[in-house]
Peer 1: 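If you scroll down you'll find the structure; I have some questions about it.
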Amino acid sequence: MNQKQHIQTVLIKQSDQARIDYHICLTASLDCVRFLLKQGLPFRGNDESDTSNNKGNYVELLQFLADHDEKVKAVVLENAPGNLKLIAPTIQKDLVNACATETIKKIIKDMDGAFFSLLVDESRDISVKEQMAVVFRYVDKSGYVIERFVGIQHVSDTTSNSLKEAIDTLFSREELSISMLRGQGYDGASNMKALVGVAKGNADVATFFTSCNSLVNIVGASCRRRDMLRDQLQKDITEALENDDLPTGRGLNQETSLKRAGDTRWNSHYGTLLSIISMFKTVVKVLKLIIEDGSTDNIGEANRSLREIQSFEFVFHLFFMRSLLGATNDLSQALQRKDQDIGNAMSLIKDCKDTLQDMRDNGFEALLDQVFSFCGKHNIEVPSMDDAYVAQWRSHRRAPRITQIHHYRVDIFIQTIEWQLAELNHRFSEVNTELLLCLACLSPNDSFIAFDKQKLLRFAEFYPQEFTPRDLLALEDQLGIYIHHMRTRSEFSKLKGIGALARKMVEKGLHRTFNYVYLLLTLALILPVATASVERAFSAMNVIKGPLRNRM
């Protein structure tokens, strides 16, 4: 009996110790997983065998923990049982999937049954597979707008039916109710590049951007040419500083390079034009050096680019497109911020339209003065604006007789701006902006100067599931008390934006007092403005899954 009891006690102790060892091993493995996931780092290594010098981030990090903790060292890697090492590729994937599942559960718990909107975009990864990334946008219990990435879904193509099926699969898997969905946003990148695309509808503008791309490619074609550009720029800056032609100060006259424009980044074209203007003298010298070098590589392209950029036509388009894209640059930057609310976006769109209209009506002479000044500074021939203009691709006999001034003012300047205005008006027409104009009445700016009870009641009518006829009557009564209370409280007088208003109402407990108004605020805040968060998810995916890792 004593011997039997002794054996049972030993077995229990061994079982308890095995559970403790397994817990330590699992905890260490999860610590490695958490670190790699938070840093957005890949797990696997090309060679994870015992003789490898680099076994990949996961195994190497686990080894680092073992080297600095004796308890961990005693139960992981070579000291762990053969079937409990927790380093096999399938186990690594299981750990990551478990973390992803728990993260999504936490996000859904944080949503707490609130209304939300869906941000969706698609992109190809390095393995040329179409991926759909999904982000949820909602308002948390503190009144903050939250955007959470919830996953990447493979889609066979990017048709609306395929995207809908992928979204249905995601909702089913995460046990989400589509009845709580109150907004959808798709493909912000195409919206951001739209105005540049519209401008390129003009043949002269399209030719100009082609010349810009060619210029950037020629000057930045090799490390040697980039070095030539930097060296020449440094010489020009030094010479200008010695002649007091440049202002000095912190952050000024730093080393730079020609910025390459990206198709899905509206403001990147603006950056390209600014860099060409600021480095024009240096770029001309580098092109001349390439031609004088006598190398057959790109000598013809360099000569063509030199002729093109030293023409009045190029300089006119350079300054015109700089002014045009500069007028929309603030809007571009704002639409790429994930914390932007729809009210501020509508205000910026209105400002952008007003600026473009004023430029169309009053900006041509000022633009022409800038172009004349730049041409004089860089010894570029300026044609007489009263001379006849004939496009190179037209027959001289059949071409309409117009002057240079008419061509640049009407055919390029006015036409391109009017196309821009038409595009903005098309995307934000009177019909589809009624909701947004009503929404703007929630703004607390300037002591709630935009408040309009009738427009807010109209805004509520867009959501019949949330506001029944009885609720609308209650909202009408509540709005009168609400606006009086807000205008008499000093802490609400200096708020900017409906996001700040929602947070302040939660802070003061007024989201329960004015529950209908706070519901309006919530519905307004979850309306998607841009898919910037989705774009960031693709950027992170490209870091993790690079060309080398794709070939493993």
Side-chain angles (χ1 to χ4, degrees), residues 110-117 137-147 182-183 330-331 333-352 354-355 433-463 466-467 470-530 532:
D110 187 53
M111 292 169 65
D112 194 27
F115 297 120
F116 66 96
S117 63
R137 179 183 174 102
Y138 61 95
V139 179
D140 69 4
K141 295 178 181 178
S142 300
Y144 284 87
V145 178
I146 305 295
E147 290 187 358
R182 289 297 179 274
D330 288 341
L331 177 61
Q333 297 286 358
L335 290 180
Q336 294 180 65
R337 286 172 45 199
K338 68 177 181 180
D339 60 343
Q340 185 64 258
D341 67 63
I342 201 82
N344 289 338
M346 285 305 299
S347 176
L348 286 169
I349 289 166
K350 183 180 182 304
D351 293 341
C352 182
D354 292 344
T355 301
T433 55
E434 182 186 6
L435 169 69
L436 305 180
L437 293 173
C438 294
L439 179 155
C441 297
L442 287 167
S443 172
N445 295 14
D446 300 322
S447 298
F448 297 83
I449 192 173
F451 179 83
D452 186 312
K453 180 187 286 189
Q454 295 307 314
K455 287 185 178 180
L456 290 178
L457 289 172
R458 175 63 182 140
F459 177 46
E461 291 174 358
F462 282 100
Y463 297 93
E466 285 68 58
F467 291 95
R470 179 182 176 279
D471 293 329
L472 288 172
L473 292 174
L475 172 63
E476 184 176 8
D477 295 334
Q478 191 176 97
L479 284 170
I481 304 171
Y482 159 80
I483 193 60
H484 175 76
H485 187 85
M486 291 295 143
R487 286 174 173 168
T488 55
R489 297 282 293 271
S490 59
E491 58 264 44
F492 288 89
S493 61
K494 297 182 179 179
L495 294 178
K496 299 290 184 183
I498 59 177
L501 174 59
R503 295 192 293 271
K504 182 62 73 173
M505 287 184 70
V506 173
E507 179 187 327
K508 299 298 181 181
L510 295 177
H511 63 299
R512 291 186 291 269
T513 305
F514 302 113
N515 57 321
Y516 288 115
V517 178
Y518 187 73
L519 177 56
L520 282 180
L521 278 172
T522 301
L523 293 169
L525 285 170
I526 64 175
L527 283 175
V529 180

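Predicted model only: the values in this text are computed from it and were never measured. Heavy atoms only: backbone and side chains are in, while hydrogens, waters and symmetry mates are out. When a residue number appears, it is its place in the shown sequence, counting from 1.
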Peer 1: Can you check whether A114's main-chain N or O pairs, donor with acceptor, with D112's side chain at less than 3.5 Å?
Peer 2: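 Side chain of D112 to backbone of A114, a donor-acceptor pair under 3.5 Å: no, none is there.
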
Peer 1: Kindly indicate whether the side chain of L439, heavy atoms from C-beta on, has any atom under 4.5 Å from the side chain of I498.
Peer 2: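 L439 reaches I498 side chain to side chain.
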
Peer 1: Within the structure provided, determine whether K496 and D446 are in side-chain contact (heavy-atom separation under 4.5 Å).
Peer 2: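 A side-chain contact exists here, since the closest heavy-atom pair is under 4.5 Å.
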
Peer 1: Just how far is it from atom OG of S142 to atom NE2 of H511, taken to the nearest 0.5 Å?
Peer 2: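 Between S142 OG and H511 NE2, I get 9.0 Å after rounding to 0.5 Å.
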
Peer 1: Using the rule given for side-chain contact (heavy atoms from CB on, under 4.5 Å), can you reason through Y518 versus V139, listing the C-alpha separation, both sets of side-chain angles and the distance that settles it, and then say yes or no?
Peer 2: CA-CA 11 Å; Y518 187 73; V139 179; 3.9 Å; yes

Peer 1: Between the main-chain N or O of V145 and the side-chain N or O of D140, is there a donor-acceptor pair closer than 3.5 Å?
Peer 2: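 Such a contact is absent between D140 side chain and V145 backbone.
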
Peer 1: Which heavy atom in A502 sits nearest to a heavy atom in L525, and how many Å separate them?
Peer 2: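 Looks like CB-CD1, 3.7 Å.
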
Peer 1: To the nearest 0.5 Å, tell me how far L475 CG sits from E466 CD.
Peer 2: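 It comes to 12.5 Å.
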
Peer 1: Just wondering, more than 12 heavy atoms not from K453 lying within 6.0 Å of its NZ?
Peer 2: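 More than 12 within 6.0 Å, yes.
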
Peer 1: Using a 4.5 Å cut-off on heavy atoms from C-beta on, say whether the side chain of R182 contacts that of L523.
Peer 2: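 A side-chain contact exists here, since the closest heavy-atom pair is under 4.5 Å.
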
Peer 1: Below 30° counts as parallel, above 60° as perpendicular, anything between as tilted: where do the rings of F514 and Y482 land?
Peer 2: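 F514 vs Y482 ring planes: perpendicular.
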
Peer 1: If you measure from NZ on K504 to CG on L495, what distance do you get to the nearest 0.5 Å?
Peer 2: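 Taking NZ in K504 and CG in L495, the distance rounds to 6.5 Å.
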
Peer 1: If you count every heavy atom of other residues, nucleotides or ligands that lies below 6.0 Å from Y144 atom OH, does the total exceed 12?
Peer 2: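 No, because the 6.0 Å sphere around OH of Y144 holds 12 heavy atoms or fewer from other groups.
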
Peer 1: Atom CG of L472 and atom CG of D477: how far apart are they, to the nearest 0.5 Å?
Peer 2: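 Reported value, rounded in 0.5 Å steps: 11.0 Å.
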
Peer 1: What closest approach, in Å, do A440 and A450 show between heavy atoms, and which atom pair accounts for it?
Peer 2: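 It is O-CB, 3.8 Å.
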
Peer 1: Are any non-hydrogen side-chain atoms of I526 and F116 less than 4.5 angstrom apart?
Peer 2: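 No; the side chains remain at least 4.5 Å from each other.
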
Peer 1: Keeping the roles fixed (side chain from E476, backbone from L457), state whether a donor-acceptor pair exists under 3.5 Å.
Peer 2: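 Pair absent, no side-chain N/O of E476 close to backbone of L457.
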
Peer 1: CZ/F451 to CD1/I483 distance, rounded to the nearest 0.5 angstrom?
Peer 2: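 Answer rounded to 0.5 Å: 4.5 Å.
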
Peer 1: Using 30° and 60° as the class limits, which term best fits the ring planes of Y516 and F467: parallel, tilted or perpendicular?
Peer 2: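 Y516 vs F467 ring planes: tilted.
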
Peer 1: Measuring from atom CG of L521 to atom CG of L501, what distance do you get when rounded to the nearest 0.5 angstrom?
Peer 2: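 Reported to 0.5 Å precision, the distance equals 5.0 Å.
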
Peer 1: Given side chains that start at C-beta, do those of M486 and L510 come closer than 4.5 Å, heavy atoms only?
Peer 2: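 In contact.
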
Peer 1: Given side chains that start at C-beta, do those of N515 and Q478 come closer than 4.5 Å, heavy atoms only?
Peer 2: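 N515 reaches Q478 side chain to side chain.
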
Peer 1: Cation-pi check for F492 against R487: NZ or CZ below 6.0 Å from the six-membered ring centre and within 45 degrees of the axis, yes or no?
Peer 2: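 Geometry flag: not set, cation outside 6.0 Å or 45°.
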
Peer 1: Is any side-chain heavy atom of L519 closer than 4.5 Å to a side-chain heavy atom of F115?
Peer 2: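 Yes, close enough: below the 4.5 Å cut-off.
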
Peer 1: State, yes or no, whether a side-chain contact exists between F459 and L442 at a heavy-atom distance under 4.5 Å.
Peer 2: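 Yes, their side chains come closer than 4.5 Å.
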
Peer 1: Would you check, one step at a time, whether the test side-chain contact (heavy atoms from CB on, under 4.5 Å) holds for D110 with Y138?
Peer 2: CA-CA 10 Å; D110 187 53; Y138 61 95; 2.6 Å; yes

